[in-house]
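The structure appears below as structure tokens.
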2 protein chains.
Amino acid sequence: MMGPVRSVTINDIADHAGVSRSTVSLVLRGSSRISKATIDRVNASIDALGYTYNRGAANLRTQTSQAIGLIINDLMNPFFTELTATIEEMADREGYFVYLVQSNEEPARQHKLCMSLLEHGVAGLIVCPATGSSLETFDRLHERRIPVCIAVRPFASDRFDFSGPDNFRAAEIATDALLKRGHRRIAFLGGERGNPSRDDRVAGYFKALQQAGIEYDPALVVESRPSRQSGITDVETVLSLRDRPTAALCYNDFVAISVMHGLRKNGLEPGSDMALIGFDGMPEAEMSHPTLTTVSLHPREIGREAAELVISRIREPNRDVTRRIQTPQLIVRDSCGTAKR
Amino acid sequence: MMGPVRSVTINDIADHAGVSRSTVSLVLRGSSRISKATIDRVNASIDALGYTYNRGAANLRTQTSQAIGLIINDLMNPFFTELTATIEEMADREGYFVYLVQSNEEPARQHKLCMSLLEHGVAGLIVCPATGSSLETFDRLHERRIPVCIAVRPFASDRFDFSGPDNFRAAEIATDALLKRGHRRIAFLGGERGNPSRDDRVAGYFKALQQAGIEYDPALVVESRPSRQSGITDVETVLSLRDRPTAALCYNDFVAISVMHGLRKNGLEPGSDMALIGFDGMPEAEMSHPTLTTVSLHPREIGREAAELVISRIREPNRDVTRRIQTPQLIVRDSCGTAKR
DNA sequence: TAGAGTTGATAGAACGTTCTATCTGCCATT
DNA sequence: AATGGCAGATAGAACGTTCTATCAACTCTA
């Protein structure tokens, strides 16, 4: 019936209210140099005509933007959604809007998304680098001089601000907790080589073993691309060894929960037959059975810092590069062998 | 050190390549009316100068946009993230970009987000209405004549396209499955009155009971705002009854998993001591212990249809309003009483 | 060789804002 | 009565694109 209505602009408001375009613009931005009477008249016209502010046009004129791009790896992972939730809160509070996208851990897609976000005119970017990220992407961002904060995984982070967890320390803490409970054969299940988070965790695990004087057994470190099922095969790999481990670090909480299923599938009880510790501290960990001992990486803190960093760099583009590292924290529950039931 | 670099524009490219602005614009859009030689020259200049396309300026000129706004209730809920993932895939395939935001089930926030998305110039909107949504929000959208698809929960959906599950049928299916297994006292745990999804499910549950000749007992229907813990108190409410239920429908899979914890906390075993069925069909349901019987609402299908509907309406604004209802599907696992171990 | 096409490229206005500079009254001061 | 200052409002250019109309240089045809 009705064709696409030509949108109501600031000019229409001006005509309707009998003032100039400039005046309407000033009213919209709450200028103090306009009289109460005109303000009221303009606002009345705005209501009457059903006006929507065209932020794109304004951004074009002012060469600014109130959007921040956020690239996460996986929307389905609560660690990233918690991170996202905090970033959105912070951004909102500061008057920014978040364009959220997921890279699916694909560097090519990540590159495309970065370019797309630039075209969409973001004022800054928070990127959780995909495993296998190419330097080219970040070179491009750097030469465009766009404020960027790298989050969660340190990649090319000497040139950009960074907010993330201390993965090395996290694995040390977890390994120590298992050692303290008397375990000598401890596996590390899941994660792919080349993913800096995973590699740092393996390094921390190695260091803790070494300090306890335990020889490192490569057969106990199982690599795999994390999925909802991967933990099952990961744990079966170490169950097939002559000398089985009595405990395992799992790359993240997802893997840990899937390892629980793998154990049950093989007639073993998670927690008592094999002690388990995950990483991330996602809320679901508390709802698993047995409840999951995990090293919380404080996604909300990481998100808060990342948002702060990118916003502060938008405002002050030339300040020094800064790194904010969150200290991880062990949350002891039932899966690490102190089962209470 | 370096101030904010004035961005490279189409004019700079034109100067560098020794052609006109119009020519560069045509090259960017892949026009066939430009000679191979000029195309190459222009592309060379684009690479040399490091140009980024300003989509905002183009949108202003063409009065179009390739962005679709998506408002979901809760980023932390896998049902919505699966929905989102499919919508993003579809949008991407059709050349659209998704602006994703969450309403946190707050109508006021939802209203603000709608207005904000309009200002950011989306071509269309997919909204999963928050519980307690005000009609005003949707009136505003309607008078602005912006293409809108309502998803998941039918609200004001006589004026807008809709894609969602058949909640009534879902509850009938679930209730029948429990009746077939011999249960007579079946509870309905979680969800808030006023949430159309929940109300439809309760109605379907009621209908199935009625058809089986079972009298409806209001004490078995427990209302609560769903959270990661709410199922615990929900189930404790019905455990305190003289005549306890032997089975329960849970408002969604989250609630169901939390109900499992509530049962264990009270010394009961989920599945054998109380049969449980959830709704949504989220991937975690397969990873719980016992594995969760659930009615899948096919979030991916709902997302696919929603994306199709909004894109088709962007292209053809005046076609008739359409509704796409997904038929739910029971996925039988261990929690409904057929435990195999 | 004049006219008609065709191919490739272009000038200038337009999209909806904001910014800079300026203007009009009015009041107070001399 | 002339001057200065101030409050409130405005005209016109500008942001980076695309669109409409037009142009210049060829090639083909009769």
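Letters A, B, ... mirror the listed sequences (proteins, then strands); counts begin at 1. Quick caveat, the model's predicted, so the values are computed rather than measured. Heavy-atom basis, side chains included; hydrogens, waters and symmetry copies ignored.
Residue T9(A) has no polar side-chain atom (N or O) positioned under 4.0 Å from OP1 or OP2 of dG16(C). Distances shown here put a side-chain N or O of S25(A) below 4.0 Å from the OP1 or OP2 atom of dT18(C). Distances shorter than 4.0 Å separate none of the side-chain N or O atoms of R33(A) from OP1 or OP2 on dC6(D). OP1 or OP2 of dG16(D) sits under 4.0 Å from a side-chain N or O of S7(B). In this structure, Q63(A) reaches the dG16(D) phosphate: one of its side-chain N or O atoms is under 4.0 Å from OP1 or OP2.
The aromatic rings of Y99(A) and Y99(B) sit parallel, their planes meeting at an angle under 30°, below the 60° perpendicular limit.
A heavy-atom distance below 4.0 Å to DNA chain D is reached by these residues of residues 50-59 of chain B, ordered by number: Y51(B), T52(B), Y53(B), N54(B), A57(B), A58(B).
The distance from atom CG of N11(B) to atom P of dG12(C) is 13 Å, rounded to the nearest whole Å. Atom CZ in R29(B) sits roughly 15 Å away from atom C1' in dG8(C) (whole-Å rounding). For the pair I46(A) CD1 and dG16(C) P, the interatomic distance rounds to 16 Å; values are reported in whole Å. As rounded to whole Å, 12 Å separates atom C1' of dG16(D) from atom CD1 of I13(B). Atom-to-atom, NE2 of H120(A) to P of dT17(D) comes out at 14 Å; the value is rounded to the nearest Å. Per the geometry, CZ belonging to R21(B) stands 9 Å off P belonging to dG12(C), to the nearest Å. Between I39(A) atom CD1 and dG8(D) atom P the separation is 10 Å, expressed in whole Å. Going from atom CD of Q66(B) over to atom P of dT17(D) covers 14 Å, rounded to whole Å.
Contact of R61(B) with dT17(D) (side chain to base): no donor-acceptor pair of N or O atoms is detected under 3.5 Å. Judged by atom type and distance alone, S35(A) does not reach the base of dA9(D) through any side-chain donor-acceptor pair under 3.5 Å.
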Output, in order, the C-alpha distance, side-chain angles, deciding distance and verdict of side-chain contact (heavy atoms from CB on, under 4.5 Å) for E308(B) and E305(B). CA-CA 5 Å; E308(B) 270 177 26; E305(B) 301 277 21; 3.7 Å; yes
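Side-chain contact check for R29(B) and S25(B): at least one donor-acceptor pair (N or O, by modelled atom type) lies under 3.5 Å. Side-chain contact check for Q110(B) and T137(B): no donor-acceptor pair (N or O, by modelled atom type) lies under 3.5 Å.
Side-chain atoms of N195(B) and R153(B), non-hydrogen and from C-beta on, do get closer than 4.5 Å to each other.
The side chain of I10(B) approaches dT18(D) more closely than any other nucleotide in the set dG8(C), dT10(D), dT18(D). The side chain of T23(A) lies closest to dT10(D) when the candidates are dT18(D), dT10(C), dT10(D).
The OG atom of S7(B) lies 11.0 Å from the CD1 atom of I146(A); values are rounded to the nearest 0.5 Å. Taken from OH in Y51(A) to CG in L28(A), the straight-line distance is 5.0 Å, to the nearest 0.5 Å.
Counting any heavy atom pair closer than 4.0 Å across all strands shown, L60(A) reaches a base atom. Residue contacts for T62(A): at a heavy-atom cut-off of 4.0 Å it reaches the sugar-phosphate backbone alone, with no base atom in range. At the heavy-atom level, L28(A) lies nowhere under 4.0 Å from the strands shown.
Salt-bridge check for E89(A) with R300(A): passed, with a basic side-chain N closer than 4.0 Å to an acidic carboxylate O.
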